[in-house]
Amino acid sequence: MDAKTDQHTVALNGSKIIAAIKAAGVEFVLSVPDIHTSHGLLRPIAKDPELRLVRVCKEDECIGIASGLSYSDKRALILIQYTGFLDSLNAIRAVAVEYKQPICMMVGLLGHEPERKPAQSGRYGVRIIEPICEAMGIEHVLVSEDPDVAKIAPAIDTAYAQSKPVAMLIGRRPGTS
């Protein structure tokens with residue numbers, strides 16, 4: 001699908017997600033390159049003067065950085081793909097869960113079939129994300145369509161108010177407006 005077609009058929013608008021991130025007071029976005037969210041989120045975030053993009057080499061580095069920023073009263077959002085989430089589980093377990101840090105993760109579900117629930121995905125990695133979040137006690141919300149964007153700011157606010165992690169699962173590739 002080319003960018004022109006994508007603009008007319010988008011069911012999840014990246015600019016609305018970015019607006020929700022800003023509405024939640026997020027100043028820093030921590031990320032590695034992510035093909036699932038790059039076009040609709042990562043590139044526009046990189047150009048946005050109100051957000052500071054911090055590029056890291058490995059996803060688990062984001063966990064410690066986000067925790068440190070929270071001690072400076074700065075809100076951060078980690079933008080990663082589900083494979084990076086899986087690779088970072090030990091850091092998430094230790095810092096976010098056991099030390100009860102407000103780690104906000106926006107997790108791209110690359111390859112997820114938007115018409116299915118993640119637990120019913122044909123991709124094993126996508127299928128296990130929600131059960132892992134549940135086993136670790138990480139609240140999570142699925143963001144697959146524009147109306148779901150309304151879940152983002154409250155999820156981030158709750159994570160910071162209650163000092164606990166949250167995962168926002170991006171169920172389809174965000175498009176541009």
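Note that the coordinates shown come from a computational prediction; the quantities given were computed from them, not determined experimentally.
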- Rounded to the nearest 0.5 Å, what's the gap from CD1 on Ile152 to NZ on Lys16? Could you check? 11.5 Å
- Message: So, using side chain to side chain donor-acceptor pair (under 3.5 Å) as the criterion, who are the partners of Ser144 when residues are at least two apart?
- Response: none
- Message: For a quick test of reading the model, state the closest non-hydrogen atom pair linking Ala153 to Ala20 and the distance between them.
- Response: CB-O, 3.8 Å
- Message: Just to verify, what does Asp157 make a side chain to side chain donor-acceptor pair (under 3.5 Å) with, not counting sequence neighbours?
- Response: Arg75
- Query: Side chain of Ser70, backbone of Ser67: donor and acceptor closer than 3.5 Å?
  - Reply: yes
- Task: Please lay out, stage by stage, how Leu69 and Glu27 fare under the test side chain to side chain contact (heavy atoms under 4.5 Å, CB included).
- Result: CA-CA 10 Å; Leu69 285 167; Glu27 297 176 58; over 6 Å; no
- Message: Please report the interatomic distance CD1(Ile63) to CG(Asn90), rounded to the nearest 0.5 Å.
- Response: 10.5 Å
- Item | Ala66 to Ile103 - nearest heavy-atom pair and separation | CB-CD1, 3.8 Å
- Query: What residues form a salt bridge (charged side-chain N to carboxylate O under 4.0 Å, His left out) with Glu98, not counting sequence neighbours?
  - Reply: Arg93
- Message: Which heavy atom of Cys62 sits nearest to which heavy atom of Ser31, and what is that distance?
- Response: SG-N, 4.1 Å
- Gap separating the CZ atom of Arg43 from the CG atom of Leu53, nearest 0.5 angstrom: 12.5 Å
- dist Ile170:CD1 -> Leu79:CG (nearest 0.5 Å) comes out at 8.0 Å
- Task: Sequence neighbours left out, what passes salt bridge (charged side-chain N to carboxylate O under 4.0 Å, His left out) with Glu145? Give chain and number order.
- Result: none
- Please, which pairs that meet salt bridge (charged side-chain N to carboxylate O under 4.0 Å, His left out) have at least one residue in residues 103-115, sequence neighbours excluded? Glu113-Arg116
- Task: State, with a plain yes or no, whether a side-chain heavy atom of Ile92 is found less than 4.5 Å away from one of Met105.
- Result: yes
- Atom pair CD1/CD1 of Ile45 and Ile21 - distance to nearest 0.5 Å: 4.5 Å
- Message: The criterion is salt bridge (charged side-chain N to carboxylate O under 4.0 Å, His left out); which residues satisfy it with Arg55, sequence neighbours excluded?
- Response: none
- Query: Closest heavy-atom contact between Ala91 and Asp60?
  - Reply: CB-CB, 4.0 Å
- Message: Quick check for you: to the nearest 0.5 Å, what is the distance between Gln81 atom CD and Leu110 atom CG?
- Response: 4.5 Å
- Task: Quick one: list whatever passes side-chain contact (heavy atoms from CB on, under 4.5 Å) with Lys151, sequence neighbours left out.
- Result: Val141, Asp148
- Message: Is it the case that the side chain of Gln101 and the backbone of Tyr99 share a donor-acceptor pair, with hydrogens and angles ignored and the cut-off at 3.5 Å?
- Response: yes
- Is Leu109 close to Leu142 at the side-chain level, that is, under 4.5 Å between some pair of heavy atoms? yes
- Task: Not counting sequence neighbours, which residues clear side chain to side chain donor-acceptor pair (under 3.5 Å) with Lys164? List them please.
- Result: Glu139, Gln162
- Contacts of type side-chain contact (heavy atoms from CB on, under 4.5 Å), residue Cys104, not counting sequence neighbours: Leu77, Ile156, Ala159, Tyr160, Val166, Met168
- Heavy atoms only: give me the nearest Ile138-Pro165 pair and the separation to one decimal. CG1-CG, 3.9 Å
- State, to 0.1 Å, how close Val26 and Leu51 come at their nearest heavy-atom pair, and which atoms those are. O-CD2, 3.3 Å
Review item, side-chain donor-acceptor pairs of residues 122-130, under 3.5 Å, at least two apart:
unit_1: Arg127; atom_1: NH1; unit_2: Ser121; atom_2: O; d: 2.8

- Quick one: are Met136 and Leu89 in side-chain contact, heavy atoms under 4.5 Å? yes
- Item | For Lys58, all residues meeting side chain to side chain donor-acceptor pair (under 3.5 Å), sequence neighbours excluded | Asp87
- Item | Derivation of the side chain to side chain contact (heavy atoms under 4.5 Å, CB included) call for Phe28 and Ile65 | CA-CA 10 Å; Phe28 292 85; Ile65 294 168; over 6 Å; no
- Message: The criterion is salt bridge (charged side-chain N to carboxylate O under 4.0 Å, His left out); which residues satisfy it with Glu134, sequence neighbours excluded?
- Response: none
- Does atom NZ of Lys22 have more than 12 heavy-atom neighbours, drawn from other residues, nucleotides or ligands, at distances under 6.0 Å? yes
